[in-house]
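Written out below as structure tokens is the structure these notes cover.
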Amino acid sequence: MLSMLKKCFGTAQTRQLRRYGKIVTEVNAWDKAFASLSDEELKAKTSLFRKRLTQGETLEDLLPEAYAVVKGACRRLCGTEIDISGYNQRWDMVPYDVQILGAIAMHYGAIAEMQTGEGKTLTASLALYLNALSGKPVHLVTVNDYLAKRDCTWIGVVFSWLGLETKALTNDTSPQDRKQVYAADIVYGTASEFGFDYLRDNSMARSAAEQCQRGHFFAIIDEVDSILVDEARTPLIISGPTSGSRQMYDELKDEVFRLVKQQRDLCNKIASDAKKVIDSLSAESKRTKKQEELFSNATKQLWLVSKGMPQHKIVKRVKEDPDLRAELEKWDQYFHGETNKKERLELLADLFIIVDEKANEFELTDKGIQAWLQASTELTDSDFVMLDLGHEYSLIDSSSSSQEEKMQKKVTLREEDARRKERAHNLRQLFRAHLLMEKDVDYIVDEQKIVIIDENTGRPQPGRRFSDGLHQAIEAKEGVAVQGETQTYATITLQNYFRLYNKLAGMTGTAMTEANEFKEIYKLEVLAIPTHRSCQRKDFDDEIYMTEREKYAALLKDIQENHAKGRPMLIGTESVEASEKLSRILRQNKLEHTVLNAKHHEKEAEIIAQAGKKGAITVATNMAGRGTDIKLQDETAKQQGLYVIGTTRHQSRRIDRQLRGRCARQGDPGTSKFYVSFEDTLMRLFTSPRITAFLQRFRPPEGEAISAKILNKSIETAQKRVEQRNYAIRKHTLEYDDVMNKQRSEIYAFRGEVLHTKDVISLIHEVLDSLCHSMARTYLRDPASPDTWDLEGFREWLVMHFPLTLEAQEFDSSYLSAEEIENIAQRKILQMLHQKVHYLTQILEQGASPEMLPPDRIVHEIFRNLLIRHIDLHWQRHLLHIDHLRTEVHLRAVGQKDPLLEFKHEAFALFHSFSLQLKIEIAHALFKLQLAPPPKPKSEPRSVPFEPFKVQLSLLSEASDDE
Ligand code: ADP
Ligand code: MG
């Protein structure tokens with residue numbers, strides 16, 4: 001079945017390639033035809049194409065000719081000197097057929113899978129040129145600022161020859177320059193620059209002039225897997241300080257540390273006791289029944305330690321022995337499921353905390369909670385018990401207090417509830433920081449700051465923070481300053497940002513393994529493009545060792561041998577910690593090398609460029625230097641090719657492929673090999689007990705590799721399992737974000753309308769109408785049965801919220817329908833609005849002068865400003881509520897409710913009340929709006945003309961709300 005699917009998949013790919021192949025032939029035919037044109041004539045094609053587009057031709061119609069024009073331009077440019085990021089280079093590229101093929105796939109919105117070194121940068125230029133002819137915004141998304149600048153100057157040569165403007169958008173592009181940058185035909189920049197500009201445009205810009213983006217037509221994402229898969233879990237967030245923070249990380253951190261230490265001491269004791277028993281009994285050739293019991297009990301105790309401290313040294317050491325490993329796994333199976341649940345719970349009750357490394361979770365036992373309460377300086381048993389507010393309120397209601405007292409009590413109770421929740425949440429995050437987050441693996445401490453390390457790329461992510469207080473908790477753990485609680489002003493995930501584009505395309509060396517995800521989430525097909533020259537790379541089978549110690553010994557030997565031959569090597573490691581460990585080993589053995597890890601990434605490109613020299617040893621965290629090509633630089637290197645060594649298998653096959661792909665580019669020689677040990681995280685957590693059984697039979701002599709096909713297969717199975725799990729997590733995050741995405745696009749669309757409309761007053765009219773309508777629905781719920789209507793309520797509401805006079809008899813249900821009543825109310829409100837506008841205009845006319853905007857325009861601007869301020873204020877509050885809700889639903893997860901469903905449901909309700917509240921506040925502010933009398937001209941006439949914008953501010957004195 002599976003192979004049949006594969007075949008279909010395969011043929012679909014082949015069919016597509018054949019179809020596009022025909023277009024390539026067309027392109028080349030045009031290229032020939034254009035050969036006789038002069039440079040000027042070829043350049044003139046750009047404006048000609050643009051004209052044809054306005055006459056009804058489509059981009060698809062133009063594709064073959066346009067691509068041929070780019071190809072021709074490239075040819076004519078050959079030999080031109082260009083300065084790229086400080087290096088002088090000569091243009092020497094004319095697109096190969098496979099590049100044209102890749103560019104066709106991109107135009108049709110696919111991901112072109114092209115190996116490293118195939119020239120994706122040039123490939124993209126064809127599709128960029130074609131799409132930019134439309135005059136609509138075309139963006140190329142790079143992995144970092146360095147590449148945005150490099151590719152922009154490099155490929156920009158072709159574009160400018162053809163009369164298109166290209167700009168690079170980087171972190172140091174100033175806010176004033178950004179509009180200018182986006183005005184260019186083609187913009188190169190990183191995903192976060194594009195994303196943040198979108199957020200700023202839609203949540204901070206106060207006028208259309210302050211917005212910098214022109215919209216989202218076509219984007220090509222370079223290294224698309226790294227951006228849409230690896231970086232998908234951290235959203236972009238613009239945040240600022242919040243008022244009235246309640247966070248308690250600093251005051252809680254010592255107590256958390258104490259309990260974690262208690263647990264560690266306990267585990268150390270259990271483990272060393274058990275180890276002694278095991279050591280003494282292992283020597284016995286035949287054990288008595290009593291000894292057998294002791295032995296079994298000791299391994300059980302070690303199993304317990306593995307539940308309390310999964311990375312405990314003694315447990316790890318013991319697992320090196322296949323027999324003992326099997327014993328521990330026996331306990332895993334014994335305690336799995338319901339049968340021995342009671343015994344398991346009794347045993348686990350010895351611990352303070354149970355840690356589940358695989359699920360990335362932990363839990364305090366009763367003993368842990370008791371220890372916590374005893375040590376707690378604050379006399380409270382409330383850290384782990386939440387209030388049942390509904391129940392407490394009903395108790396208050398049934399008491400004999402006065403209404404006022406009841407109200408007071410409820411407010412106090414609600415504050416207590418919020419405090420407890422915050423405390424419980426801070427506690428959880430502190431424990432998480434201690435138990436599940438590891439320094440130099442998950443984050444580094446850099447200049448007294450916690451910097452996230454991307455788990456896949458090993459890159460530091462300065463400026464990004466773990467969400468939901470985890471970052472603060474780690475700051476408290478590491479003893480650096482805990483940053484104040486922040487409040488989200490605007491947020492979006494990269495996925496949702498990229499979904500804004502009409503058309504999206506991508507390119508990378510590694511997309512196939514995630515093809516399914518690209519299709520499901522982004523509707524992006526992956527097309528594997530053949531290489532220009534056939535690939536000469538040799539991938540060796542993995543070398544697998546029992547222990548890390550043996551693995552490193554073998555690795556070192558391999559490196560020494562190859563280094564002696566002068567062969568350049570690139571060694572991939574999975575974390576900063578691992579790269580430093582390997583570097584230490586190499587230093588001890590006097591092997592000169594360069595380390596490229598998260599801590600040095602400014603020099604990345606430079607180091608990578610040197611990695612192809614004779615005898616060069618480069619140690620790099622996975623994928624460091626993506627986007628920079630490793631060229632073999634001298635004869636020795638060219639003969640032997642680059643040797644890529646992986647020091648462990650990564651959790652994702654894609655990342656391993658990426659590493660392998662760094663060698664053997666463009667038909668060069670090259671080999672790759674992975675070293676694996678049973679102590680590697682992947683093997684520890686995700687391989688099956690069958691492997692242990694296998695090892696028991698085939699434990700090789702110390703230092704020798706185990707080679708068996710079954711192991712290669714089982715590693716791959718483990719990887720697939722983790723990939724699936726990670727996909728599920730990403731999808732889950734996305735599901736949460738989807739809820740917000742709908743709300744965000746709704747509010748941003750409204751805000752955009754406010755900024756861009758000429759007629760703000762009509763917009764306000766609509767807002768008031770819809771407010772009136774929803775309130776009518778509330779008070780006159782069932783239009784068909786007047787006796788259920790609360791007419792008096794509706795009337796009171798109207799009088800309270802608008803400066804209206806409305807007599808009771810004006811709403812007479814005996815002859816008016818619900819709709820008619822609503823219409824009366826709307827008419828009255830509209831009347832008030834017109835009065836207000838009239839009044840404001842009049843005041844402005846008194847102070848009018850020729851330099852000012854006409855008074856009625858100023859009224860529009862004042863209203864626009866008012867709307868924007870209220871939208872922003874209330875939207876930010878709403879985001880804060882949503883943040884709280886997200887935390888809360890997880891605390892609630894205990895009650896067997898699905899947190900996601902709860903979240904969706906309540907987020908919807910919150911949005912509903914947010915939009916109602918927003919309309920009410922707008923109405924209030926609008927009718928409260930007062931203009932100060934115009935400043936009286938002093939005896940001297942003003943010589944400086946009054947700037948309209950300032951007039952608006954100086955006249956505007958909106959009676960302040962209770963905000
Ligand atoms: P990728 O992004 O696919 O890994 P790059 O775009 O960085 O590859 O290009 C790799 C190298 O190949 C560059 O040094 C570039 O000069 C060279 N190259 C790409 N296309 C061509 C071409 N058509 N002719 C000659 N050299 C090319
Ligand atoms: Mg590239």
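Indexing begins at 1, ligand by ligand and atom by atom, following the structure's order. Note that the numbering runs from 1 along the sequence shown for the chain.
Ranking the protein heavy atoms by distance from atom 20 (N) of ligand 1 puts Gln99 NE2, 2.9 Å first. Taking atom 18 (N) of ligand 1 as the reference point, the nearest protein heavy-atom neighbour is Met93 SD, 3.6 Å. At the top of the distance list for atom 7 (O) of ligand 1, counting protein heavy atoms only, stands Thr121 OG1, 3.7 Å. At the shortest separation from atom 25 (C) of ligand 1 among protein heavy atoms lies Tyr96 OH, 3.2 Å.
Residues His139 and Phe218 keep their aromatic ring centres 6.0 Å or farther apart. A centroid separation of less than 6.0 Å is found between the aromatic rings of Tyr198 and Tyr497. Not less than 6.0 angstrom separates the ring centroid of Phe194 from the ring centroid of Phe498.
Side chain to side chain, Lys136 and Asn131 fail the donor-acceptor criterion of an N or O pair below 3.5 Å. Neither side chain, Thr648 nor Glu574, offers a donor N or O lying under 3.5 Å from an acceptor on the other. One side chain, Asp177 or Ser174, offers a donor N or O that lies under 3.5 Å from an acceptor on the other.
By the 4.0 Å heavy-atom criterion, Arg665 is counted among the residues contacting ligand 1. Remark: distances from the non-hydrogen atoms of Glu118 to ligand 1 include one below 4.0 Å. Heavy-atom separations between Trp154 and ligand 1 include at least one value shorter than 4.0 Å. Note on ligand 1: Gln115 sits in its first shell, one or more heavy atoms being nearer than 4.0 Å.
Close approach to Gly117 involves these atoms of ligand 1, each under 4.0 Å from a residue heavy atom: 1 (P), 3 (O), 4 (O), 8 (O), 10 (C), 12 (O). Every atom of ligand 1 with a heavy atom of Lys631 under 4.0 Å away is listed here by number and element: 14 (O). For ligand 1 and Asp629, the ligand atoms under 4.0 Å from any heavy atom of the residue are 10 (C), 11 (C), 14 (O). Of all atoms in ligand 1, listed by their number and element, those nearer than 4.0 Å to a heavy atom of Thr116 are 4 (O). The distance from ligand 1 to the heavy atoms of Leu122 drops below 4.0 Å at these ligand atoms: 23 (N).
Counting heavy atoms under 4.0 Å from ligand 1, residue Met507 does not touch it at all. For Met114, no heavy-atom contact with ligand 1 is shorter than 4.0 Å. Contact annotation for Val94 and ligand 1: only backbone heavy atoms (N, CA, C, O) come within less than 4.0 Å of the ligand.
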### Task
Begin from the C-alpha positions of Tyr675 and Asp558 and carry the test side-chain hydrogen bond (donor to acceptor under 3.5 Å, both in side chains) through to its verdict.
CA-CA 11 Å; Tyr675 282 81; Asp558 196 5; 2.7 Å; yes
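With distances taken over non-hydrogen atoms, the option nearest atom 9 (O) of ligand 1 out of Cys74, Pro95, Gly119 is Gly119.
Figure legend: cation-pi geometry between Arg214 and Tyr182 absent, as NZ or CZ is not positioned both under 6.0 Å from the six-membered ring centre and within 45° of its axis.
Between Asp39 and Arg76 there is a salt bridge, since at least one side-chain N of the basic residue sits less than 4.0 Å from a carboxylate O of the acidic one. A salt bridge links Arg537 with Asp539: at least one charged nitrogen is closer than 4.0 Å to a carboxylate oxygen.
Relative ring orientation between Tyr108 and Tyr20 is described as parallel, the plane-to-plane angle staying below 30° on a 0-90° scale split at 30° and 60°.
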